[in-house]
Participant: 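Encoded as structure tokens, here's the structure I'll be asking about.
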Amino acid sequence: MTIAALSSLLPLPVAIPLAGAVTAPLLARASSRLAVIVSLLAMAGSAAILLIEAPAVFGGRVIAQYLGNWRPAGGHVLGVTFAADPFGLLVALAAALIGAILLLYTLSELGGLGHRELGGYACLFQLLIAAVIGAALTADLFNLFVWFEVAALSSYGLAGFFLERPIALEAAFKVLVLTTLASFSVFVGAGLEYARHGALSFAQLHHALAGHAGPADAIALGLLIAGFATKAGLAPFHGWLADVHTAAPGPVNALFSALMDALGVVAIVRLVFQVYGVHGLPVLGLLMALGLGSALLGGIMALAQDDLKRLLAYDTISQVGIVVIGFATGNSAGVAGGVYHLVNHAAFKALLFLAAGAVLHRTGRTRLSELGGLARRMPVATAAFVLGALSIAGIPPLNGYVSLSLIHSGLQQDHETIPYVLTLAAQVITAAALGRAAWLGFFRPRRGEYEWQERVRPGMLTALVSLGAGCIAFGAFGPEVLRRLMAPAAAGLLHPGRYASAVLAGSGRLPALAVPFDYGSPAELISVGLSVLVAAALAWLYLRIREPLPVRVLRAAHTGSANDYAGYAIAGTLLVIAALRFA
């Protein structure tokens, strides 16, 4: 297929789920399940189009489509541009495939809902996935803001889907408040850039900012990072995340953690690498601080939770922090590791949340203190949870081992000793939190049966097995996945000039990037072994001691108040701007 034909297909991966979202409520009037089945077909269609684009794009080519045929004139972009580079296509493809798996799970778990409810659910679900795909493929700052808003609107409805539960309504209100602040921040940041440079295209802004980033540009970047960091769940912009995950259904938890958070990360990474560039502003240091803070805070808070879904929500904050640490290295190994871990996070966090959803569906409980004995009663869900926990811990041959090894290599290449040690500490704490949850919920003996014993249905089991197989495949075939997918994605980020030129020209090639990786590195294997031993000891100790004072202080700071969380976000925005403007 020609490049022109491939570029003409680029809007379809977004248009198809949007069409599915519109038709879902109408189809639900005839059959509630028909709405979800057609939504599943829409996801499959979107994934099929992206797979058609994949050979050319992962071969190192950037493909652009100018909507309305408004082509650039003299280096000036007049309309909205979609561009498929390896990084964006990888995220879009992950969103479509995992979205399809989550819809399959939904058909089993929530298929008994009423026609109107399931039709609305399928509509909102597809809107959010369309927003993630659109954000991954857009090459325009204002269009990125539009997809941010589409994701925000659908997230309000999904968070408060069970409105008869007060906790769901409260969670929807919190995400509304925090996301509205973030939207305003992104809108003002985009407006500042347009006022200064008369451009919204990533490519045109890249050329305008090359070596000429002034104080207004630093303020704009600070506003943009703060806004998108809220969507990503980075500390201190993370206040909404745990409460929303507690209230939402299992598939929505997986959707938010695996895909919606990725929208914020993708936006930050594009702005930092492909628009502003990493020279001139201390942006990599800022990202490193945000990543380390999120990784440690999320891990510590996860260790302190009794509710399984809240524990996984805080672990999401920690894992997004690890992803950002990889990008903050700015070198090929770290950036490739950041991309790899972003995709891995989508797989293993969806797996963990679906396992937690299966536990809730089967027992009606999510508190670890009320669970136990599930390894015998729910062997597939237990295997899924353990597999996801081992992936996050970086145990070979699972997918987390490869991505974490690359991030560690990136830190070591730049002699970032303190960030490397703190990253290992965050991983140990996270592994301890998940190990503690596995023991209390699945392996601890329990007398008596659960009062609520709903059957785990075939579609739910299929989704768990599919995601588990992905975690194994992306680990076992790590070097090949790195060479074919992650290295091309990192190349587009590390060569922003080539990306910008390709977008303005309609297509272009990226340079090949070789990322060395030693699967059997003795140092990394020893590090993994020691980390697991320390994590096991920490989990055992935390089961037997009184909660430490620093943990109590952190828990007290998470008051559940939307006012407090908004205050944290505003303070974080001011600190981000100050770091970029005055550091």
Side-chain angles (χ1 to χ4, degrees), residues 222 225-226 228-239 241-242 261 264-265 268-269 272-273 278 281-304 313-331 333-342 344-345 349 392-394 400 403-433 527 531 534-535 538 550-551 553-554 557-558 568-569 571-580 583:
I225 288 178
F228 289 118
T230 303
K231 184 65 72 179
L234 288 168
F237 309 96
H238 65 287
L241 197 143
D261 291 346
V265 175
I268 291 172
V269 169
V272 168
F273 285 91
V278 297
L281 293 173
V283 66
L284 291 183
L286 172 65
L287 289 186
M288 185 66 75
L290 288 174
L292 290 170
S294 300
L296 290 167
L297 182 144
I300 292 170
M301 287 297 294
L303 187 61
Y314 281 112
D315 178 66
T316 293
I317 297 168
S318 181
Q319 293 307 305
V320 172
I322 298 292
V323 169
V324 171
I325 289 169
F327 287 116
T329 63
N331 56 47
V335 172
V339 177
Y340 210 136
H341 206 65
L342 181 64
N344 285 345
H345 175 260
K349 192 48 63 71
I392 289 177
S403 56
L404 290 171
S405 298
L406 289 166
I407 292 172
H408 296 164
S409 176
L411 290 168
Q412 290 168 341
Q413 284 181 24
D414 288 349
H415 305 290
E416 298 274 9
T417 304
I418 294 177
Y420 176 65
V421 171
L422 293 177
T423 300
L424 288 178
Q427 291 173 217
V428 166
I429 296 170
T430 297
S527 172
S531 296
V534 174
L538 178 59
V551 179
V553 171
L554 276 179
H558 292 77
Y568 298 159
T573 301
L574 295 175
L575 288 173
V576 168
I577 293 172
L580 292 173

Participant: Decide side chain to side chain contact (heavy atoms under 4.5 Å, CB included) for Leu241 and Asp261; before the verdict, give the C-alpha distance in whole Å, the side-chain angles of both, and the deciding distance to 0.1 Å.
Facilitator: CA-CA 10 Å; Leu241 197 143; Asp261 291 346; 4.0 Å; yes
Participant: Do you know the tightest heavy-atom contact between Ala229 and Phe237?
Facilitator: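 So the two residues come closest at CB-CD1, 3.6 Å.
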Participant: Describe, in one word, how the ring planes of His408 and Tyr420 are oriented to each other, choosing from parallel (under 30°), tilted (30 to 60°) and perpendicular (over 60°).
Facilitator: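 Taking Tyr420 first and then His408, their aromatic rings stand perpendicular (interplane angle over 60°).
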Participant: Can any side-chain N or O of Ser294 pair as donor or acceptor with the backbone N or O of Gly291 at less than 3.5 Å?
Facilitator: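 Between the backbone of Gly291 and the side chain of Ser294 there is no qualifying donor-acceptor contact (under 3.5 Å).
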Participant: Checking Val335 against Val269 for the side chain to side chain contact (heavy atoms under 4.5 Å, CB included) test, could you report, in this order, the C-alpha distance in whole Å, the side-chain angles of both residues, the deciding distance, and whether it holds?
Facilitator: CA-CA 10 Å; Val335 172; Val269 169; over 6 Å; no
Participant: To the nearest 0.5 Å, tell me how far Ile429 CD1 sits from Tyr314 OH.
Facilitator: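 These two atoms lie 15.0 Å from each other.
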Participant: Nearest 0.5 angstrom please: Leu406 CG to Asn331 CG, how far?
Facilitator: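 The distance works out to 10.0 Å.
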Participant: Nearest 0.5 angstrom please: Asn344 CG to Gln319 CD, how far?
Facilitator: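 Rounded to the nearest 0.5 Å, the CG-CD separation comes out at 10.0 Å.
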Participant: Taking C-beta and beyond as the side chain, do His238 and Thr230 meet within less than 4.5 Å on heavy atoms?
Facilitator: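 The answer is no; the side chains never approach within 4.5 Å.
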Participant: How far apart are the closest heavy atoms of Val265 and Phe327, and which atoms are they?
Facilitator: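 Scanning both residues, the minimum pair turns out to be CG1-CE1, 4.1 Å.
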Participant: Once rounded to the nearest 0.5 Å, what's the spacing between atom CG of Leu286 and atom CG of Leu575?
Facilitator: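 Rounded to the nearest 0.5 Å, the CG-CG separation comes out at 9.5 Å.
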Participant: When rounded to the nearest 0.5 angstrom, what is the spacing between CD1 in Ile418 and CG in Leu292?
Facilitator: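 It is 10.0 Å, given to the nearest 0.5 Å.
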Participant: Any idea which heavy atoms bring Ala333 and Gln413 closest together, and the distance?
Facilitator: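 Closest approach of Ala333 to Gln413, heavy atoms only: CB-NE2, 3.5 Å.
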Participant: Heavy atoms only: give me the nearest Leu296-Leu422 pair and the separation to one decimal.
Facilitator: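 That would be CD2-O, 3.8 Å.
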Participant: Measure the shortest side-chain to side-chain distance between Val534 and Gln427 over non-hydrogen atoms and say whether it is less than 4.5 angstrom.
Facilitator: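 A side-chain contact under 4.5 Å is absent here.
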Participant: Are the side chain of Thr430 and the backbone of Ala426 linked by a donor-acceptor contact shorter than 3.5 Å?
Facilitator: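 Checking the backbone N and O of Ala426 against the side chain of Thr430, a donor-acceptor pair under 3.5 Å is found.
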Participant: Looking at every heavy atom in both Ala295 and Ile325, which two are closest together, and how far apart are they?
Facilitator: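 In this case the closest contact between Ala295 and Ile325 is CB-CD1, 4.3 Å.
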Participant: Sequence neighbours left out, what passes salt bridge (charged side-chain N to carboxylate O under 4.0 Å, His left out) with Lys349? Give chain and number order.
Facilitator: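 Scan of Lys349 (salt bridge (charged side-chain N to carboxylate O under 4.0 Å, His left out), adjacent residues dropped) gives Asp315.
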Participant: In Å, rounded to the nearest 0.5 Å, how long is the span from OG1 of Thr417 to CG of Leu411?
Facilitator: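 Result: 9.5 Å between the selected atoms.
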Participant: Could you report the tightest heavy-atom contact between Ile322 and Ile407, atom names first, then the distance?
Facilitator: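 Looking at all heavy atoms of both residues, the shortest contact is O-CD1, 3.7 Å.
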Participant: Decide yes or no for Leu303 and Val551: does some side-chain heavy atom of the first lie under 4.5 Å from some side-chain heavy atom of the second?
Facilitator: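 They are not in side-chain contact.
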Participant: Given side chains that start at C-beta, do those of Thr316 and His345 come closer than 4.5 Å, heavy atoms only?
Facilitator: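 The answer is yes; the side chains approach within 4.5 Å.
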